[in-house]
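So the structure is just underneath, and the comments pick up after that.
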Amino acid sequence: MSANTVQKMIAWIEDNIQAALTLKEMSRHVGYSEYYCSSKFREYTGYTFKEYVLKRKLALASCELLETDFRVIDIAMNYGFSSNESFTRAFVREYGCSPSVFRKQKPNLETTE
């Protein structure tokens with residue numbers, strides 16, 4: 001598997017980020033087994049498929065928190081979280097504060113991903 005195939009995986013994730021993404025769907029998209037995709041994805045990105053998707057969803061949600069007036073629950077649902085509570089738990093683990101506090105503090109984020 002080449003770096004181009006991993007780029008194809010990442011592009012597929014970005015194109016479908018608001019859906020309930022699965023490793024099975026991604027592996028079908030690129031034409032390799034789930035195991036092989038999982039292994040190579042982690043090798044190239046440093047993250048498991050699930051970790052990467054969660055980080056991307058939270059990064060995009062954090063941008064929406066800062067750039068829009070959408071309700072937190074609407075942003076959470078937009079990125080496939082089952083509840084405001086599950087979104088808040090994941091958000092706190094990633095950013096160290098709740099989405100509401102994050103929005104009020106308006107940190108200057110550098111996006112490197």
Side-chain angles (χ1 to χ4, degrees):
M1 179 183 290
S2 68
N4 281 345
T5 305
V6 176
Q7 285 299 325
K8 189 175 178 182
M9 290 180 198
I10 291 170
W12 180 84
I13 291 169
E14 293 299 323
D15 290 345
N16 297 284
I17 196 72
Q18 292 179 330
L21 303 177
T22 67
L23 181 60
K24 185 175 189 172
E25 290 172 342
M26 184 186 70
S27 65
R28 255 192 253 138
H29 176 73
V30 296
Y32 289 96
S33 73
E34 292 176 50
Y35 176 80
Y36 193 66
C37 284
S38 177
S39 173
K40 291 302 175 181
F41 190 86
R42 184 173 184 136
E43 181 182 322
Y44 279 87
T45 67
Y47 297 106
T48 66
F49 171 77
K50 189 175 179 179
E51 289 169 338
Y52 184 86
V53 168
L54 178 60
K55 285 183 172 295
R56 287 301 297 141
K57 286 183 178 210
L58 289 171
L60 293 168
S62 70
C63 290
E64 282 196 32
L65 285 166
L66 297 177
E67 296 169 0
T68 72
D69 291 329
F70 298 150
R71 296 180 316 160
V72 173
I73 186 66
D74 294 333
I75 293 171
M77 295 295 138
N78 193 34
Y79 287 100
F81 289 89
S82 60
S83 67
N84 190 41
E85 291 78 17
S86 66
F87 175 62
T88 298
R89 277 192 304 273
F91 200 91
V92 168
R93 276 193 305 270
E94 186 69 19
Y95 294 103
C97 64
S98 71
S100 299
V101 169
F102 183 87
R103 178 177 263 169
K104 287 177 188 165
Q105 291 177 346
K106 294 196 183 290
N108 183 12
L109 296 180
E110 290 184 31
T111 53
T112 58
E113 293 182 26

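Heavy atoms only: backbone and side chains are in, while hydrogens, waters and symmetry mates are out. Positions are given from 1 along the sequence. Just so you know, these numbers come straight off a predicted model, no measurement behind them.
- Taking OG of Ser100 as the start and CD of Gln105 as the end, the distance is 11.0 Å to the nearest 0.5 Å.
- To the nearest 0.5 angstrom, Met9 atom CE is 9.5 Å from Tyr44 atom OH.
- At least one side-chain heavy atom of Arg103 sits less than 4.5 Å from a side-chain heavy atom of Ile75.
- Considering CD of Gln7 and CD1 of Ile10, their distance stands at 5.0 Å, rounded to 0.5 Å.
- Distance check, rounded to the nearest 0.5 Å: OG1 of Thr22 to CZ of Arg28 gives 7.0 Å.
- For the pair Tyr79 and Val53, the minimum side-chain heavy-atom distance is 4.5 Å or more.
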Task: Test log, rule side-chain contact (heavy atoms from CB on, under 4.5 Å), inputs Glu64 and Asn78 - done: CA-CA 10 Å; Glu64 282 196 32; Asn78 193 34; 3.4 Å; yes
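- In plain terms, the two heavy atoms of Phe87 and Pro99 that are nearest each other are CE2-CG, 3.5 Å.
- Between Tyr35 and Ser27, the closest side-chain pair of non-hydrogen atoms is not below 4.5 Å.
- Two residues are said to be in side-chain contact when any heavy atoms from C-beta on lie closer than 4.5 Å; Phe49 and Ser38 fail this criterion.
- Rounding to the nearest 0.5 Å places CG of Asp74 at 10.0 Å from CG of Asn84.
- Heavy-atom contacts from other residues, nucleotides or ligands closer than 6.0 Å to CG of Asp15 number more than 12.
- In this pair, Tyr95 and Phe102 present their aromatic rings tilted. The plane angle is within the 30 to 60° band.
- Residues Ile13 and Phe41 meet the side-chain proximity criterion, which asks for heavy atoms closer than 4.5 Å.
- Leu54 and Met77 sit in two unconnected hydrophobic clusters of ILVMFWY residues. Membership requires side-chain heavy atoms under 4.5 Å apart, directly or through other members.
- Between Ile73 and Ser83, the closest heavy-atom pair is CD1-C, 4.3 Å.
- Within the 4.5 Å cutoff, side-chain heavy atoms of Glu25 are placed close to those of Trp12.
- Of all the heavy atoms in Val101 and Cys97, the pair that sits closest is CG1-CB, 3.9 Å.
- In terms of heavy-atom proximity, Lys57 sits nearest to Ala19 at NZ-O, 3.0 Å.
- Between Lys106 atom NZ and Leu65 atom CG the span is 9.5 Å, to the nearest 0.5 Å.
- Cluster membership for Leu66 and Phe81, using ILVMFWY side-chain heavy atoms within less than 4.5 angstrom, is shared.
- Between Tyr47 and Tyr52, the ring-plane angle classifies as tilted under the 30° and 60° cut-offs.
- Across all non-hydrogen atoms, the minimal contact from Thr88 to Ser98 is CG2-CB, 4.3 Å.
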